[in-house]
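Input: a single structure, listed below in structure tokens.
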Amino acid sequence: MDFDVPILTDADFGEVPPPPAKPAPTAESLVDGLTEPQKQAVLHTEGPLLVLAAAGSGKTRVITRRIAYLVHCGVPPWQILALTFTNKAAGEMRERVFSLLGQHEGGTNRATRGLTITTFHSLCARLLRRHAEAAGLKPDFAIYDSADQLTIVKKAIEACQLSTANFQPRSVLGVISNAKNDLIDAEQFAQSSLDFSTKCIAKVYSSYTTALRRANAVDFDDLLLLTARVLSRNEQVRAACRDRWQYLMIDEYQDTNKAQFQIASIIAGGGGGESGGELRTSGPNICVVGDPDQAIYGWRGADISNILDFERYYPAAATIKLGENFRSTAPILAVADHLIKRNRRRKDKPLFTVKTGGEKVEVNKCRDERHEATVVAQWLRSRHESVDKGGQGLAWREMAIFYRTNALSRVMEEALREYNVPYTIARGTAFYDREEIKNALAYLRVVANSADSVSLGRIVNVPSRGIGDTSYDRIEMFADQSGVTVLDAMHRVGEVPDLTARAVNATTKFVQMVDGWISPNTLLAAAGGSKLSELVDRVIRESGLEAMYKAQAATSKTETDAERLDNLAELVSSAAEFEQEYDPGSDPMNTTGGTPSVLDMLRAYLESIALVADADAVDPSQGSVTLMTLHAAKGLEFGGVAMIGLEEGLLPHMRAQQSEPAMEEERRLCFVGITRAMRRLLITSSNYRTMRGMSERTIPSRFLSELPAEHVSVRNLSDVSGGLGDEWGEQHDSGDIEFSDAARAPSRPKLNAPFPVGCEVRHPQFGLGKVQAVTGGANARVTVAFRGLGVKTLVLEYARLTRV
DNA sequence: GGATACTCTTAATGT
DNA sequence: AAGAGTATCC
């Protein structure tokens with residue numbers, strides 16, 4: 001089936017010049033100032049290498065120097081592939097390597113040309129576009145985000161004649177996503193499904209996949225899954241990749257999932273577990289860097305055993321441990337180390353610093369979330385204004401606030417405004433999540449990919465132009481029956497049955513509008529110039545979006561309405577900016593190799609938007625305190641850090657309560673937060689927190705009681721009005737901190753006899769499950785965790801549960 | 001067909 | 001508290 005598969009040419013990832021004649025840096029300069037183990041890691045260039053890099057141990061330094069050293073040794077840069085998880089990490093790495101090699105990014109340079117430093121997802125997108133046919137895709141596929149996925153999965157559930165009440169789109173999507181991360185496609189999933197509900201999900205999975213392909217789209221998980229599949233099944237693609245990349249480096253290896261593991265293993269070529277893989281003569285030059293204690297993406301399918309079993313998989317592997325921390329003060333490090341030692345499933349490893357002195361870690365217990373926000377805002381002010389004895393103040397940009405869930409940022413923001421603390425929130429997609437931007441992008445996505453049914457459905461009647469739900473449903477149905485795309489069906493609107501004359505007219509006009517954007521622009525943009533931003537601007541105006549938001553801004557005087565037009569203008573600027581930085585040489589869609597068409601550029605632009613991460617939005621040059629989730633904080637460091645919401649149910653999160661591995665992941669998350677701090681760390685909890693509109697009593701996080709008292713100063717500010725609380729943390733001179741609140745945690749609610757918590761039950765539709773909780777008397781409800789379906793709350797009286 | 005009012009549910013982390 | 005989804009009205 002794989003005829004004429006194009007192989008991976010050097011041009012796919014930039015032009016490849018002859019090897020550099022004389023490298024700029026000397027070998028000595030590249031290991032200058034490194035510790036002994038760091039040096040070893042840099043100099044170990046051949047064969048598999050595992051670098052266990054503890055938090056703050058200079059990991060990035062080692063990776064970048066190692067890449068530079070490889071080039072120094074005469075390895076052609078295009079043979080080097082370095083993979084990260086975020087664009088920001090890739091960008092930083094690129095920048096540092098370039099500067100080590102004495103180059104500037106963007107410059108045409110022989111020392112760095114063809115060097116590939118990118119994210120897993122970008123790499124996969126590029127490979128899939130280049131080898132689309134082998135992957136069963138069209139090269140101009142769209143990348144669907146989670147909102148798009150939800151739309152598709154909802155339709156798929158309905159198409160399978162299931163109810164979205166019993167099969168919640170979100171949870172079904174979760175099951176599908178997990179399967180994909182484990183490299184299980186719809187067919188395999190169906191084969192291994194036994195019980196009723198799993199079989200239903202298998203049908204949905206299959207129907208979901210079909211719908212995605214019909215829309216000429218892939219989801220995030222597909223990027224990895226399909227790449228892994230193409231690499232393992234297609235000889236030529238595999239050979240091309242192995243040929244091209246002789247040296248592979250992977251950052252944050254503890255967070256790789258099965259798909260990523262397979263991609264890496266295949267490109268590296270060989271390894272104990274791989275069957276039928278041709279071993280390289282020189283042995284796989286794969287270098288992975290990570291820290292099992294910072295594995296926080298298990299919920300996304302990441303598998304710690306990838307890093308834990310690296311040596312077993314590559315018996316020839318060398319292992320280097322970087323345990324010395326150069327980031328944090330001794331007390332902060334001691335607190336982190338003491339906490340992480342609680343994890344049972346863990347390899348104990350040293351984490352140390354030669355530094356002495358440093359402030360204790362502060363733990364403040366607050367009254368409620370408002371109070372907590374105030375305490376944090378004041379603390380940041382104090383740090384900034386250098387209230388410390390002898391210490392110099394921290395710049396705003398040197399400080400950050402971490403929280404477990406995004407919802408916690410709101411109250412924090414209010415307090416920061418009140419106290420005049422400048423701040424930015426690290427949400428990469430925030431801009432693109434706005435309604436007006438999503439609408440504009442949906443228009444553009446239809447231009448880029450006329451099969452994109454989700455985007456088309458979104459904009460077909462925005463602004464309203466007389467194509468309502470009924471008409472659109474009929475057009476969609478006609479498209480389904482005729483096996484054409486919805487846009488094609490709209491072209492043939494005269495053939496669609498039961499449409500009103502008005503709807504036919506409106507549709508014709510709409511189609512003409514869209515055609516107008518596509519036709520002249522499919523031609524090559526010979527003139528160069530600002531074609532992409534022009535297209536974006538045109539679409540915003542001609543679609544009527546601009547007029548619509550103008551009208552809205554005129555009538556309603558709310559701030560958000562006024563901002564919408566500005567945001568649309570900003571989108572045009574962002575397109576112009578992208579255009580400036582766009583490198584046609586590295587775009588696999590630019591098959592001609594010549595001047596790219598506007599469509600090529602548009603697709604590249606949309607792809608770059610689809611792949612932005614929250615962490616990408618962290619920009620210290622802003623001169624403000626950064627607010628972010630603990631997940632986004634990984635890999636960063638700040639002079640001062642405040643971690644909020646250390647409460648049971650929040651950190652550790654409610655959903656982790658039932659499982660030991662999940663609980664340990666929460667602990668690692670807490671560990672990651674602590675180890676971001678260089679000099680000062682404040683941890684807060686709140687006695688009451690408003691959730692779901694109601695203020696509820698909280699229980700302090702178990703992690704607080706797992707901190708070493710000698711390095712922590714606890715203050716209870718909760719029942720003091722205004723002033724300082726009692727410093728009762730000092731009375732414990734050794735061992736763990738005890739929290740009186742944790743000790744007198746409210747007793748569990750009394751349980752009804754027939755279904756005690758923990759018992760196994762069977763539901764006629766959902767199958768087997770385990771009872772999580774029982775509440776109420778008259779209208780008693782049971783919360784049951786069903787196999788594969790997740791947790792559901794049922795009304796006991798109607799649930800028809802039987803005990804197993 | 002489209003807009004509005006109401007009820008209802010509903011809470012993680014993110015490429 | 002806020003958003004989504006439904007019911008109802010024009």
Regarding A/Q260, tell me which of base, sugar-phosphate or nothing describes its non-hydrogen contacts under 4.0 Å with the strands shown. nothing
Does the structure show A/F85 stacking with B/dT15, if we require the centres to be closer than 5.5 Å and the planes to be within less than 30 degrees of parallel? no
Considering only atom C1', compute the distance from C/dG5 to B/dA12 and round it to an integer number of Å. 23 Å
5'-most contact on DNA chain B: A/A656 or A/A503, nearest heavy atom basis? A/A503
For the residue pair A/Q262 / A/Q260, report whether a side-chain donor-acceptor contact shorter than 3.5 Å exists. no
Indicate whether A/H631 forms a stack on B/dG14; treat it as stacked only if centroid distance is below 5.5 angstrom and interplanar angle below 30 degrees. no
All N/O donor-acceptor pairs, side-chain side in residues 460-472 of chain A, below 3.5 Å, sequence neighbours left out:
unit_1: A/N461; atom_1: OD1; unit_2: A/R465; atom_2: N; d: 2.7
unit_1: A/N461; atom_1: OD1; unit_2: A/G466; atom_2: N; d: 3.3
unit_1: A/N461; atom_1: OD1; unit_2: A/I467; atom_2: N; d: 3.2
unit_1: A/N461; atom_1: ND2; unit_2: A/I467; atom_2: O; d: 3.3
unit_1: A/R465; atom_1: NH1; unit_2: A/Y443; atom_2: OH; d: 3.2
unit_1: A/R465; atom_1: NH1; unit_2: A/I459; atom_2: O; d: 3.0
unit_1: A/R465; atom_1: NH1; unit_2: A/V460; atom_2: O; d: 2.8
unit_1: A/R465; atom_1: NH2; unit_2: A/Y443; atom_2: OH; d: 2.9
unit_1: A/R465; atom_1: NH2; unit_2: A/S543; atom_2: O; d: 3.0
unit_1: A/Y472; atom_1: OH; unit_2: A/G457; atom_2: N; d: 3.3

Residue pair A/R502/A/A610 against DNA chain B: nearer the 5' end by closest nucleotide is A/R502
A/R170 atom CZ is separated from C/dG5 atom P, nearest whole Å, by 12 Å
Side chain to side chain donor-acceptor pair (under 3.5 Å) between A/D219 and A/Y208, worked out: CA-CA 11 Å; A/D219 63 21; A/Y208 168 79; 2.8 Å; yes
Answer whether the closest heavy-atom distance between the side chains of A/L646 and A/C670 falls below 4.5 Å. yes
Can you check whether A/Q168 has a side-chain N or O nearer than 4.0 Å to OP1 or OP2 of B/dT10? yes
Taking the minimum atom-to-atom distance to the side chain of A/T405, which one of B/dT13, B/dG1, B/dG14 wins? B/dT13
When you measure from the side chain of A/S464, which nucleotide among B/dA12, B/dT15, B/dG2 comes out closest? B/dG2
Proximal nucleotide (of B/dG14, C/dA2, B/dA12) relative to the A/R410 side chain: C/dA2
Tell me what A/D221 touches on the nucleic acid: a base, only sugar-phosphate, or nothing, going by heavy atoms under 4.0 Å. nothing
C1' atoms of B/dT13 and C/dA4, separation to the nearest Å: 22 Å
Write down the distance between CG (A/L150) and P (B/dG14), rounded to a whole number of angstrom. 17 Å
Nearest whole angstrom, please: distance from the P of B/dG14 to the CG of A/L611. 16 Å
Look at A/K180 and B/dT15 and indicate whether a side-chain polar atom (N or O) is within less than 4.0 Å of OP1 or OP2. no
Atom CG of A/L650 to atom C1' of B/dA12: distance rounded to whole Å? 10 Å
Atom CG of A/L128 and atom P of B/dT15: how far apart are they, to the nearest Å? 19 Å
Report yes if at least one side-chain N or O of A/N406 is closer than 4.0 Å to OP1 or OP2 of B/dT13; otherwise report no. yes
I need the OH-P distance between A/Y472 and B/dG2, as an integer number of Å. 14 Å
Sugar-phosphate, base or nothing in reach of A/N461, heavy atoms under 4.0 Å: sugar-phosphate
When the ring centroid of A/W299 is compared with that of A/H631, is the distance short of 6.0 Å? yes
For the side chain of A/R655, counting heavy atoms from C-beta on, which of B/dG1, B/dA12, B/dT15 is nearest? B/dA12
Between P on B/dA3 and CD1 on A/I467, what's the gap in Å once rounded to a whole number? 13 Å
Which part of the nucleic acid does A/S471 contact within heavy-atom distance under 4.0 Å: base, sugar-phosphate only, or nothing? sugar-phosphate
Over how many whole Å does the gap from A/D148 atom CG to B/dT15 atom P extend? 16 Å
For the side chain of A/T629, starting at C-beta, report the closest nucleotide among B/dG1, B/dT15, B/dT13. B/dT13
Just by distance, do the side chain of A/D616 and the backbone of A/K88 share a donor-acceptor pair under 3.5 Å? yes
